[in-house]
Amino acid sequence: MAAIKGMDIDEVRTFAGSVQNEASNVEAAVQQLLTRAEALQWFGTDADNFKGEHVATTRTSMTNLTQALQTMTENLNKNVAEQETTSAA
């Protein structure tokens, strides 16, 4: 098997698409869970603390994860474009 120098453009492009799709799936699943958590028939201080702290923390973490995966996708696509330019030269 010959060594590959550079990148398998199709593989990296496909992976970037997978990252983007899975990021959307994760975001949708977490949003659905947070909506359900906020709608729980649970009242009082413990409920307020849970809904105020845990839901907010989870929402922030999800936003950070989604942004990190978006950045990963952008960087993968940027590297694919750079490799295509280099390979065409």
Side-chain angles (χ1 to χ4, degrees):
M1 181 170 150
I4 295 177
K5 291 187 178 183
M7 152 192 316
D8 180 333
I9 293 170
D10 291 333
E11 180 183 32
V12 175
R13 184 178 287 128
T14 299
F15 178 67
S18 295
V19 171
Q20 188 169 7
N21 289 338
E22 293 304 326
S24 295
N25 291 340
V26 167
E27 184 176 18
V30 172
Q31 287 288 23
Q32 182 180 32
L33 290 171
L34 292 176
T35 298
R36 290 178 59 197
E38 292 171 330
L40 289 171
Q41 296 299 307
W42 180 17
F43 305 97
T45 304
D46 289 341
D48 293 341
N49 290 339
F50 175 81
K51 292 176 183 181
E53 294 174 24
H54 295 293
V55 170
T57 299
T58 300
R59 183 170 280 116
T60 299
S61 296
M62 182 201 59
T63 299
N64 291 339
L65 173 62
T66 302
Q67 288 173 346
L69 292 171
Q70 180 61 36
T71 299
M72 177 189 242
T73 300
E74 290 168 2
N75 286 332
L76 287 164
N77 287 326
K78 177 182 170 220
N79 280 282
V80 165
E82 290 172 356
Q83 182 66 46
E84 288 176 323
T85 300
T86 299
S87 295

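In this text, all values refer to a predicted model and were calculated from it rather than measured experimentally.
Side chain of Lys51 to main chain of Asp46: no donor-acceptor pair is present (N/O by atom type, distance under 3.5 Å, no hydrogens or angles).
Counting all heavy atoms, side chain and backbone alike, Ala47 lies closest to Trp42 at CB-O, 3.2 Å. Here the shortest heavy-atom pairing between Met7 and Asn79 reads CE-O, 3.6 Å.
Contact annotation: the side chain of Glu38 approaches that of Arg59 to within less than 4.5 Å [non-hydrogen atoms, C-beta and beyond]. For the pair Asn75/Met72, no side-chain contact is recorded, criterion being any heavy-atom separation below 4.5 Å from C-beta on.
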Let's go through Leu65 and Met62 carefully: what are the C-alpha distance in whole Å and the side-chain angles of both, what is the deciding distance for side-chain contact (heavy atoms from CB on, under 4.5 Å) to 0.1 Å, and is it a yes or a no?
CA-CA 5 Å; Leu65 173 62; Met62 182 201 59; 5.6 Å; no

What's the verdict on side-chain contact (heavy atoms from CB on, under 4.5 Å) for Gln67 and Asn64, showing C-alpha distance, side-chain angles and the deciding distance?
CA-CA 5 Å; Gln67 288 173 346; Asn64 291 339; 4.1 Å; yes

List the steps and the verdict of side-chain contact (heavy atoms from CB on, under 4.5 Å) for Thr66 and Val26.
CA-CA 8 Å; Thr66 302; Val26 167; 5.9 Å; no

Stepwise, does the side-chain contact (heavy atoms from CB on, under 4.5 Å) test hold for Leu69 with Gln20?
CA-CA 7 Å; Leu69 292 171; Gln20 188 169 7; over 6 Å; no

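Interatomic distance, NE2 of His54 versus OG of Ser61, reported as 12.0 Å (0.5 Å rounding). If you take OG1 on Thr35 and CG on Leu40, they are separated by 11.0 Å, rounding to the nearest 0.5 Å. Note that the CZ atom of Phe15 and the OG1 atom of Thr73 stand 8.0 Å from one another [nearest 0.5 Å].
Counting only N and O atoms by type, the side chains of Gln31 and Glu27 include no donor and acceptor under 3.5 Å apart.
Checked for salt-bridge contact, Glu82 and Lys78 meet the test: a charged N lies under 4.0 Å from a carboxylate O.
The hydrophobic clustering, which links ILVMFWY residues whose side-chain heavy atoms are closer than 4.5 Å, places Leu76 and Ile9 together.
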